[in-house]
J.: 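Okay, here's the structure, questions in a sec.
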Amino acid sequence: MSQISAGVPLRSRLVAASPVYYGWIVWLVALIGAICSSPGQSFSVSLFMDFFIEDFALDRTTVSGLYGAGTFVASLGLTWVGRRIDSLGNRRVGVVIGALFTVVLALCSLINGPIMLFFAFAGLRGLGQGALTLVSSTAVANWFRQHRGRMMSLLALAFALFQGIYINLLRALLEVMDWRQVFIVLGVGVAALVLPSFALLMRNRPEEYGLKPDNAASVEGQGDDRQRVVEDNWTLKEAMRTPILWVFIVARMLPSAWGTGLILHQVSIFALLDHAAQVATETFALISLFAAGSALLAGYLIDRFKPSYVVVLQMLALLSASALAMIMRETALLIAYALAFGLGMGIGYVFDGAVWPNLFGRQFQGEIRGFVYTSSVIGSAIGPALFGLSYDLGGGYEPVLWLGAGLCLVVLVAALLTPPPRRRVEAQA
């Protein structure tokens with residue numbers, strides 16, 4: 001930030017020699033970071049659940065509770081990580097997060113009981129699903145503004161397509177290797193991809209190198225003044241005074257909670273409907289394909305319509321997925337479930353990356369998004385525990401699925417009634 005304030009751009013041979021706008025290189029590195037967050041995502045952990053239950057003689061509620069508790073603890077540090085991104089930049093923070101995540105994955109091969117399992121969940125969720133995802137998507141938001149929704153949708157598209165390949169590859173590895181060995185393989189993969197890409201290729205903000213977001217032409221004087229007016233930067237404290245922040249936080253917590261529950265317990269949910277585990281993974285691959293297409297749709301919608309309308313669409317998708325999860329015995333219903341779930345996932349990927357900087361600017365987006373991610377990850381901690389309790393106490397998942405459908409309706413109405421954040425630009429002069 002000091003370089004920008006002084007008006008002295010940094011010199012980078014790599015940026016200067018790039019044959020394309022360097023934001024595309026940053027986008028590629030962010031994609032690598034998003035892909036390497038997979039071992040900390042719920043769809044990955046779900047394939048290890050039955051091994052944890054069997055090897056450590058635990059019931060599903062206990063493992064779900066440990067997962068939720070670990071996720072909750074992990075979420076508490078994400079606002080701090082966001083502040084470090086704002087102050088130190090995506091490059092430095094990305095390298096540190098990648099190195100720590102590699103160590104955690106290696107240590108997961110040593111899990112010997114519920115205590116270590118709790119710490120493993122905390123590390124996987126905090127560093128993979130939380131911090132690595134945050135630093136990757138924040139980088140893209142820094143380099144693009146007018147086309148932010150489109151770039152986030154492309155990122156989500158590529159990530160969703162990768163999920164369909166990854167989940168089946170991971171299942172195949174678990175069939176031929178011990179689950180402890182699989183964690184070692186995942187750690188080696190993360191180290192080989194994240195560390196060199198972030199260290200060598202990641203750059204923090206286009207302004208540091210005399211560039212503009214979206215590769216817009218640099219204009220002296222009045223043009224720069226216009227840009228400052230367009231991008232209204234809110235601090236976290238200022239954003240917290242707006243009702244829409246809290247409505248949207250709940251709107252992100254709900255899909256995180258119920259989506260994580262559906263994914264983490266997918267093998268059990270499908271078994272209750274007389275489907276084999278292979279059907280669960282194949283359906284998840286189909287969900288990933290639908291999520292990829294939905295991400296493109298979400299990018300178009302976010303760039304053109306009020307974010308409240310996008311929230312309404314996601315709530316309708318999650319409501320439909322919750323209802324279908326109780327009755328999807330036929331192939332047609334499985335496809336409908338995959339379509340609804342994929343639509344909700346695709347919207348969520350793009351929403352988190354684009355809407356917050358669109359509403360509150362880029363300058364403090366790391367802190368704001370870190371705070372939002374904390375809430376979202378707390379949701380992903382609560383969801384699996386609720387699903388586990390529903391199964392163990394209610395004999396199935398219908399109670400928690402009906403609860404989720406009702407909450408979707410409440411959030412839908414709140415999103416439509418809450419106005420966007422407003423303040424007079426003159427007050428900032």
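Residue numbers start at 1 and run along the sequence shown.
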J.: Might you point out which heavy atoms bring P421 and L359 nearest each other, and give the distance in Å?
T.: CD-CD2, 3.9 Å

J.: What do you reckon, is CZ of F364 surrounded by more than 12 foreign heavy atoms closer than 6.0 Å?
T.: yes

J.: Do you know which two heavy atoms are closest between V140 and V26, and how far apart they sit?
T.: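 Closest approach of V140 to V26, heavy atoms only: N-CG1, 4.5 Å.
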
J.: Compile the donor-acceptor pairs under 3.5 Å between side chains in residues 95-120 and protein atoms, sequence neighbours left out, one pair per line.
T.:
{"residue": "T102", "atom": "OG1", "partner": "G98", "partner atom": "O", "Å": "2.9"}
{"residue": "S109", "atom": "OG", "partner": "A106", "partner atom": "O", "Å": "2.6"}

J.: side-chain hydrogen bond (donor to acceptor under 3.5 Å, both in side chains), that's the test. Do R362 and T138 meet it? Break it down for me.
T.: CA-CA 9 Å; R362 291 181 301 147; T138 302; over 6 Å; no

J.: Answer with yes or no after comparing the ring centroid distance for W27 and F144 against a 6.0 Å cut-off, counting only values under it.
T.: no

J.: Could you check whether any side-chain heavy atom of H265 comes within less than 4.5 Å of a side-chain heavy atom of T260, counting everything from C-beta outward?
T.: no

J.: Could you tell me which non-hydrogen atom of M152 sits nearest to which non-hydrogen atom of S137, and how far apart they are?
T.: CE-O, 3.0 Å

J.: Less than 4.5 Å apart, side chain to side chain, heavy atoms only: is that true for L170 and S44?
T.: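 Of all side-chain heavy-atom pairs linking S44 with L170, at least one is under 4.5 Å.
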
J.: Which heavy atom in L401 sits nearest to a heavy atom in A325, and how many Å separate them?
T.: CD1-CB, 3.9 Å

J.: List for me each residue that meets side chain to side chain donor-acceptor pair (under 3.5 Å) alongside Q181, sequence neighbours excluded, and say none if there are none.
T.: none

J.: Counting only N and O atoms by type, is there a donor-acceptor contact under 3.5 Å from the side chain of N215 to the main-chain atoms of Y21?
T.: no

J.: Closer than 3.5 angstrom, by distance alone: can the side chain of S18 be matched with the main-chain N or O of V15 as a donor-acceptor pair?
T.: no

J.: Centres of the F162 and Y166 rings: under 6.0 Å?
T.: yes

J.: At what distance, to the nearest 0.5 angstrom, does CG of L157 lie from CG of L161?
T.: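 So the gap between those two atoms works out to 4.5 Å.
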
J.: Should V310 and F351 be marked as a side-chain contact (heavy atoms from CB on, under 4.5 Å) after you check the CA-CA gap, both sets of side-chain angles, and the distance that decides it?
T.: CA-CA 8 Å; V310 181; F351 190 97; 4.3 Å; yes

J.: Is there a side-chain contact between P39 and F183 (heavy atoms, below 4.5 Å)?
T.: no

J.: So does F360 get a backbone contact from the side chain of Q365, meaning a donor-acceptor N/O pair under 3.5 Å?
T.: no

J.: Give a yes or no on whether the backbone of Y67 and the side-chain of T71 come within a donor-acceptor separation of less than 3.5 Å.
T.: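 Looks like yes, one N/O pair under 3.5 Å.
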
J.: Would the number of heavy atoms belonging to other residues, nucleotides or ligands and lying under 6.0 Å from CD of E54 be above 12?
T.: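 Counting neighbours around CD of E54, 12 or fewer heavy atoms of other residues, nucleotides or ligands fall under 6.0 Å, so no.
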
J.: Which is it for S294 and M345 under the side-chain contact (heavy atoms from CB on, under 4.5 Å) test, yes or no, and what are the steps along the way?
T.: CA-CA 8 Å; S294 300; M345 287 177 61; over 6 Å; no

J.: Any heavy-atom pair between the side chains of N358 and R145 that's under 4.5 Å?
T.: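 Of all side-chain heavy-atom pairs linking N358 with R145, none is under 4.5 Å.
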
J.: Quick one: do K237 and E367 make a salt bridge, cutoff under 4.0 Å?
T.: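 Looking at K237 and E367, the cut-off is not met.
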
J.: Is it the case that over 12 heavy atoms from other parts of the model lie below 6.0 angstrom from the CZ atom of R304?
T.: yes

J.: Assess the pair Y209 and Y22: is the distance between their ring centroids shorter than 6.0 Å?
T.: no

J.: Quick check on the 6.0 Å ring-centre criterion: do Y397 and Y391 meet it?
T.: yes

J.: Taking S390 for the side chain and F387 for the main chain, is one N or O donor matched with an acceptor at less than 3.5 Å?
T.: no

J.: List the steps, then state whether side-chain hydrogen bond (donor to acceptor under 3.5 Å, both in side chains) holds for Q129 with T133.
T.: CA-CA 6 Å; Q129 189 263 353; T133 301; over 6 Å; no

J.: Please report the interatomic distance CG(L154) to CG(L296), rounded to the nearest 0.5 Å.
T.: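 CG of L296 is found 6.0 Å from CG of L154.
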
J.: What are the two closest heavy atoms between G379 and S256, and how far apart are they?
T.: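 The answer is C-OG, 4.1 Å.
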
J.: So N90 and N142, side-chain hydrogen bond (donor to acceptor under 3.5 Å, both in side chains) or not? Walk me through it.
T.: CA-CA 10 Å; N90 301 87; N142 276 333; 3.3 Å; yes

J.: Run the side-chain hydrogen bond (donor to acceptor under 3.5 Å, both in side chains) test on W143 and D214 for me, step by step, so that the C-alpha distance in whole Å, both residues' side-chain angles and the decisive distance to 0.1 Å come before the verdict.
T.: CA-CA 6 Å; W143 282 80; D214 303 295; over 6 Å; no

J.: For a 4.5 angstrom cut-off between non-hydrogen side-chain atoms, does L313 reach F305?
T.: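 When only atoms from C-beta onward are counted, F305 and L313 do not touch, as no gap falls below 4.5 Å.
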
J.: Taking G82's backbone N and O only, do any of them form a donor-acceptor pair with R369's side chain (distance below 3.5 Å, no angle check)?
T.: no

J.: Is it true that a side-chain atom of S136 and a backbone atom of L132 form a donor plus acceptor pair closer than 3.5 Å?
T.: yes

J.: Hey, are the side chains of F341 and S320 touching, using non-hydrogen atoms and a 4.5 Å cut-off?
T.: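 Side-chain contact under 4.5 Å: no.
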
J.: How close do L186 and F48 get, counting heavy atoms only, and between which atoms?
T.: CD1-CZ, 4.5 Å

J.: Would you call F56 and T62 a side-chain contact if the rule is heavy atoms closer than 4.5 Å?
T.: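 Not in contact.
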
J.: Atom CG in L78, atom CG in L134: separation rounded to 0.5 Å?
T.: 6.5 Å

J.: Rounded to the nearest 0.5 Å, what separates atom CD1 in I368 from atom OG1 in T235?
T.: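 Atom-to-atom, I368:CD1 and T235:OG1 are 7.0 Å apart.
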
J.: Please determine whether the number of non-hydrogen atoms from other residues, nucleotides or ligands lying under 6.0 Å from atom CZ of R92 exceeds 12.
T.: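 No.
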
J.: Taking the side chain as every heavy atom from C-beta outward, state whether L318 and S322 have any pair of such atoms under 4.5 Å apart.
T.: yes

J.: Please work out whether the ring planes of F43 and F159 are parallel, tilted or perpendicular, with thresholds of 30° and 60°.
T.: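 Answer is tilted, since the angle falls between 30° and 60°.
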
J.: Could you walk me through whether E208 and R203 pass the side-chain contact (heavy atoms from CB on, under 4.5 Å) check?
T.: CA-CA 9 Å; E208 294 182 5; R203 297 294 184 270; over 6 Å; no

J.: Rounded to the nearest 0.5 Å, what's the gap from OG on S197 to CD1 on I25? Could you check?
T.: 12.0 Å

J.: Could you give the side-chain donor-acceptor pairs of residues 243-255 under 3.5 Å, partners two or more places apart or in another chain?
T.:
{"residue": "W246", "atom": "NE1", "partner": "M240", "partner atom": "O", "Å": "2.8"}
{"residue": "R252", "atom": "NE", "partner": "D352", "partner atom": "OD1", "Å": "2.9"}
{"residue": "R252", "atom": "NE", "partner": "D352", "partner atom": "OD2", "Å": "3.3"}
{"residue": "R252", "atom": "NH1", "partner": "Q314", "partner atom": "OE1", "Å": "3.4"}
{"residue": "R252", "atom": "NH2", "partner": "D352", "partner atom": "OD2", "Å": "3.0"}

J.: Should S42 and R125 be marked as a side-chain contact (heavy atoms from CB on, under 4.5 Å) after you check the CA-CA gap, both sets of side-chain angles, and the distance that decides it?
T.: CA-CA 9 Å; S42 297; R125 300 293 283 165; 3.4 Å; yes

J.: Can you tell me how far apart CG (L289) and CD (Q163) are? Round to the nearest 0.5 Å.
T.: 10.0 Å

